[in-house]
Amino acid sequence: MTPRFPFRLLGRSLLLVLLAACGDGPTVLTRPDIGVMIRPDIGMDDLGMPDLPDMPDLGPECVEDTDCDDRVDCTRDFCEDGICRNQTDPAFCNDDVFCNGVEICDPSRGGCVAGDPETCNDDDVCTIDRCDEEERLCRFLPRDFDEDGEADFNCEGGTDCNDFDPRRGSLIPEICEDRLDNDCDGVVDEPDCGRPDGDDCDIALTVDPAGEFFEIDASGAVADFELTCTGAMRKDIVFELTVTEPRSLNVRAEARGTTFVELRTTCEDRTTALECRAGFPGALRRRRLEPGTYYVVVAAPTVFGTEPNIVAVEFDLDDPLPDPVNETCDGAIDVSAGGIFTGNFVDAVNDGETDCSFGSSELYYTFTTTETQDVVLSAAPSTGGTLGIAVTTTCGDVSTEIACTRTAPATRRLYSLPAGTYFFSVESVSSREVDLTLDVRFLPPSDPPPGDDCRSALEIPIVPGGTSTVSGTLEGKQDEIDVSCGFNYRDSVHFFTLTERSDVVVEVDGGGTFMFASVRETCDDGDSQLRCTSGNPSRSRLRNLTPGTYFVIVETFTTTDFDISVTVDEPTVPVPVVGNDDCVRATTVPETGGVFTGNTSTLLDDYETRFCGASAGSPDAAFELTLTSRRRVVVNTEGSAFNTVLHRHDRSCTTAMEAVCDDNGGEGLTSFLDQTLSAGTYFFIVDGFGSFSSGDYVLEVDVLDP
């Protein structure tokens with residue numbers, strides 16, 4: 001093969017030197033890369049060497065990147081050492097959908113080309129082959145088209161004689177007079193046939209008015225009823241109950257999973273439902289049933305396999321319970337004498353709201369003290385679970401609320417409560433109408449444990465230019481303060497004081513426990529909050545804080561110990577920016593870097609991402625950085641008030657996709673990029689997750705030696 005030496009490669013990987021002797025001497029070509037001199041009049045075989053391979057065409061010559069645009073979206077076009085490079089970028093074509101195959105970038109076919117869909121075909125007729133997009137894998141399940149838990153009996157190990165009818169299978173009891181071999185034993189309507197008792201209204205199970213316990217195998221039952229508290233159809237059993245005198249009702253139903261219980265006055269008509277409850281177990285209670293006939297529908301999840309689908313249902317009927325007197329403020333029960341009180345939430349309604357309410361029914365109480373005392377309130381449900389206690393000076397008026405807690409069980413200690421009349425409500429769990437035991441105690445006045453509230457906040461000494469660390473605990477603490485990033489958890493209050501402008505980093509380490517921390521200027525004023533972060537550990541960075549006192553509210557769901565570290569450094573004065581809506585109007589970042597603040601809420605959504613942040617279709621802000629030499633560039637949005645997305649574009653971001661993208665790479669929901677970049681111009685876009693994230697942002701750009 002005759003070697004090919006493209007002339008545009010002169011001065012690059014091949015050096016062509018033409019040496020001419022006097023007269024008609026032979027021409028000599030020099031190949032420095034292999035250390036030989038070649039005379040064209042002498043073949044390669046004469047030299048004892050194979051022919052050189054054809055050299056690849058490395059692309060057209062160029063001066064700058066724009067000379068290399070091949071008009072293919074999925075290639076990265078750039079000029080390198082005077083030769084155009086058009087590097088394919090398969091990630092550009094990736095639609096992040098597993099089941100439609102892997103997309104490729106093929107410039108010869110115009111760009112992105114769809115991949116071959118995942119067929120997930122194992123060529124076995126006894127499996128149902130499915131592509132699981134959520135798990136991103138192929139599943140090969142036993143052939144069970146009717147999803148009754150049995151494989152087709154034509155397949156090895158199969159027991160279902162009709163895999164297209166869920167009423168037929170070896171585990172299905174024979175149903176009388178339907179002319180089908182339900183249990184696949186070859187006999188139709190044998191003498192012991194029958195759907196389980198209670199499978200529909202015509203064969204409803206009768207409940208003794210004195211109460212009764214049932215244990216039913218619902219394997220052969222079908223889904224007949226739509227319930228008002230669930231949208232899914234489940235295997236159900238119906239019971240008929242007739243009372244001739246007023247009775248209270250307590251139904252408890254337990255199966256293998258969440259169980260639903262609904263009370264109706266007409267079996268077939270869901271609009272006559274009086275109440276529907278769900279739980280594990282399911283429990284429904286009525287304070288008073290008037291004489292008449294009622295129907296109770298119990299729905300349980302399907303159990304697959306050979307195990308029976310056992311549903312246990314217990315009916316208790318007793319004398320009617322008296323109407324509650326303390327469902328409203330007018331009937332609040334006086335507990336000023338202290339002691340143990342009982343009650344229940346049967347048929348109680350939700351007619352009040354508190355700061356820690358979860359929208360369920362409540363009961364009201366009141367007490368009066370004649371001197372300053374500690375008051376301890378403890379409420380426990382009969383079945384366990386969470387209750388809420390809210391204390392006010394005016395019943396039902398949330399603006400006069402002085403304490404609100406929601407725990408399991410609910411306990412609240414009011415330290416050194418001044419003499420007066422107070423009201424409190426106890427709120428039930430939402431899924432059950434539980435019995436309540438309330439313990440009220442009056443004790444000598446005392447002070448709360450240090451750090452329990454704003455009055456006893458604990459100081460964090462400050463080390464200018466350094467870090468100070470103190471230890472704390474949530475043992476014995478109560479939920480006194482609401483924080484925007486936390487819940488109704490017990491909290492501990494701390495503070496530090498700055499004597500000069502400073503940057504501050506606050507870190508809360510719970511030794512592996514997920515911690516929540518609010519930094520604010522006024523302890524009991526949520527509007528003064530500067531930052532609220534959560535994490536393991538929780539970390540907040542605040543820049544250019546003015547001299548003054550700042551509070552740190554720490555909370556979590558357990559009584560853990562923790563450390564708070566406060567690092568103080570020289571202040572960074574951010575540069576406020578506006579109007580940087582797109583790359584044309586991008587804010588210029590000096591080559592020395594800087595910190596900038598702004599708000600994306602007033603900007604437009606100009607740029608979206610392909611690789612992170614759920615496309616980042618939120619309002620965005622643009623920044624431009626030009627480097628004159630190779631540098632390391634670290635960019636973050638720490639301190640921003642929303643879920644940010646940060647993406648970088650090279651050259652121009654008007655049409656090009658992002659070169660790199662980050663979502664949540666920084667602290668909390670902030671973004672972080674750390675890359676070494678060559679000389680050139682780069683655009684950084686501060687964006688938001690999805691199409692709904694915007695607000696105040698902080699952008700810090702550090703330009704360092706590579």
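If you're wondering where the values come from, they're calculated on a predicted model, not measured in any experiment. Numbers here are sequence positions counted from 1.
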Legend entry - Any donor-acceptor N or O pair under 3.5 Å, side chains Thr670, Ser640: no
Inset, instruction - Give a yes or no on whether the backbone of Gly526 and the side-chain of Ser528 come within a donor-acceptor separation of less than 3.5 Å. - result: no
Inset, instruction - Could you check Asp95 against Arg610 for salt bridge (charged side-chain N to carboxylate O under 4.0 Å, His left out), going step by step and ending with a plain yes or no? - result: CA-CA 9 Å; Asp95 63 2; Arg610 296 181 183 271; over 6 Å; no
Legend entry - Beyond-backbone contact of Cys454 with Ile481, side-chain heavy atoms, under 4.5 angstrom: yes
Legend entry - Student check: side-chain heavy atoms of Phe78 and Asn86 closer than 4.5 Å: no
Inset, instruction - For the pair Gln675 (side chain) and Val634 (backbone), establish whether a donor and an acceptor sit closer than 3.5 Å, ignoring hydrogens and angles. - result: no
Inset, instruction - Answer yes or no: is the gap between the SG atoms of Cys485 and Cys532 smaller than 2.5 Å? - result: yes
Inset, instruction - Could you tell me if the ring centre of Phe623 sits under 6.0 Å from that of Phe684? - result: no
Inset, instruction - Walk me through it: do Asp650 and Arg648 pass the test salt bridge (charged side-chain N to carboxylate O under 4.0 Å, His left out)? - result: CA-CA 7 Å; Asp650 300 343; Arg648 193 197 84 221; 2.9 Å; yes
Inset, instruction - Could you tell me which non-hydrogen atom of Phe98 sits nearest to which non-hydrogen atom of Leu137, and how far apart they are? - result: CE2-N, 3.5 Å
Legend entry - Stepwise side-chain hydrogen bond (donor to acceptor under 3.5 Å, both in side chains) check, Thr127 with Asp122: CA-CA 8 Å; Thr127 61; Asp122 63 357; 3.0 Å; yes
Legend entry - Cysteines Cys79 and Cys62 with SG distance under 2.5 Å: yes
Legend entry - 4.5 Å side-chain heavy-atom contact, Ser693 and Val645: no
Inset, instruction - Output, in order, the C-alpha distance, side-chain angles, deciding distance and verdict of side chain to side chain contact (heavy atoms under 4.5 Å, CB included) for Arg631 and Asp705. - result: CA-CA 5 Å; Arg631 305 296 298 274; Asp705 291 334; 3.7 Å; yes
Legend entry - Side-chain heavy atoms of Val508 within contact of Pro537, under 4.5 Å: no
Inset, instruction - Would you indicate whether Cys93 and Cys105 have their SG atoms under 2.5 Å apart? - result: no
Inset, instruction - Identify the heavy atoms of Tyr697 and Ala621 that sit nearest to each other, and give their distance. - result: OH-CB, 3.6 Å
Inset, instruction - Starting from the C-alpha separation in whole Å, work towards a yes-or-no answer on side chain to side chain contact (heavy atoms under 4.5 Å, CB included) for Thr522 and Arg520. - result: CA-CA 6 Å; Thr522 304; Arg520 54 182 64 182; 6.0 Å; no
Inset, instruction - Begin with the C-alpha distance, continue with both residues' side-chain angles, and end with the deciding distance and a verdict on side chain to side chain contact (heavy atoms under 4.5 Å, CB included) for Val113 and Glu103. - result: CA-CA 6 Å; Val113 179; Glu103 295 75 23; over 6 Å; no
Legend entry - Flag for Arg630-Ser678: side-chain donor and acceptor within less than 3.5 Å: yes
Legend entry - Cationic N near anionic O, under 4.0 Å, Asp129 to Arg139: no
Inset, instruction - Please answer whether the main-chain N or O of Val686 pairs with a side-chain N or O of Asp620 as donor and acceptor at a distance below 3.5 Å. - result: no
Inset, instruction - Would you kindly say whether Asp687 and Ser618 are connected by a side-chain donor-acceptor distance under 3.5 Å? - result: no
Legend entry - Modelled atom types, side-chain donor and acceptor of Thr628 and Glu591, under 3.5 Å: yes
Inset, instruction - Would you indicate whether the side-chain heavy atoms of Arg76 and Thr88 approach each other to under 4.5 Å? - result: no
Inset, instruction - Would you confirm whether Asp662, through its side chain, and Ser671, through its main-chain N or O, come within 3.5 Å as a donor-acceptor pair? - result: no
Legend entry - Glu570 atom CD: more than 12 heavy-atom contacts under 6.0 Å: no
Legend entry - Thr626 side chain to Thr681 backbone, donor-acceptor under 3.5 Å: no
Inset, instruction - Would you tell me whether Thr469 and Asp563 have side-chain atoms, one donor and one acceptor, within less than 3.5 Å of each other? - result: no
Legend entry - Nearest atoms (heavy-atom pairs only) where Leu474 meets Arg490: O-CD, 3.4 Å
Legend entry - Beyond-backbone contact of Cys661 with Leu646, side-chain heavy atoms, under 4.5 angstrom: no
Legend entry - pair Val519-Phe551: side-chain heavy atoms closer than 4.5 Å: no
Legend entry - Asn121 atom CG: more than 12 heavy-atom contacts under 6.0 Å: yes
Legend entry - Any donor-acceptor N or O pair under 3.5 Å, side chains Thr513, Thr556: no
Inset, instruction - In sequence, state the C-alpha distance, the side-chain angles, and the governing distance for Leu699 and Val595, and then conclude on side chain to side chain contact (heavy atoms under 4.5 Å, CB included). - result: CA-CA 6 Å; Leu699 180 72; Val595 179; over 6 Å; no
Inset, instruction - Answer with yes or no whether the side chains of Asn544 and Asp503 bring together a donor and an acceptor at under 3.5 Å. - result: no
Legend entry - Side-chain (Glu133) to main-chain (Cys99) donor-acceptor, under 3.5 angstrom: yes
Inset, instruction - Please tell me if the side chains of Glu638 and Thr533 come closer than 4.5 Å, counting only heavy atoms from C-beta onward. - result: no
Legend entry - Cystine candidate Cys131-Cys138, SG separation under 2.5 Å: no
Inset, instruction - Flag the pair Asp674 and Arg632 as a salt bridge only when some basic side-chain nitrogen lies within less than 4.0 angstrom of an acidic carboxylate oxygen. - result: yes
Inset, instruction - Kindly determine whether Ser518 and Gln529 satisfy side-chain hydrogen bond (donor to acceptor under 3.5 Å, both in side chains), including the steps that lead there. - result: CA-CA 7 Å; Ser518 169; Gln529 180 174 279; 2.6 Å; yes
Inset, instruction - Establish, from distance only, whether the side-chain atoms of Thr75 and Asp70 form a donor-acceptor pair under 3.5 Å. - result: yes
Inset, instruction - Might you work through the salt bridge (charged side-chain N to carboxylate O under 4.0 Å, His left out) test for Arg543 and Glu700, ending with a clear yes or no? - result: CA-CA 11 Å; Arg543 296 180 176 87; Glu700 181 176 23; 2.7 Å; yes
Inset, instruction - With side-chain hydrogen bond (donor to acceptor under 3.5 Å, both in side chains) as the test, would you mind laying out the steps for Ser615 and Thr609 before giving the verdict? - result: CA-CA 5 Å; Ser615 297; Thr609 58; 5.5 Å; no
Legend entry - Donor-acceptor under 3.5 Å (Ser502 side chain, Val568 main chain): no
Legend entry - Ring-ring centroid check Tyr550 His494, cutoff 6.0 Å: no
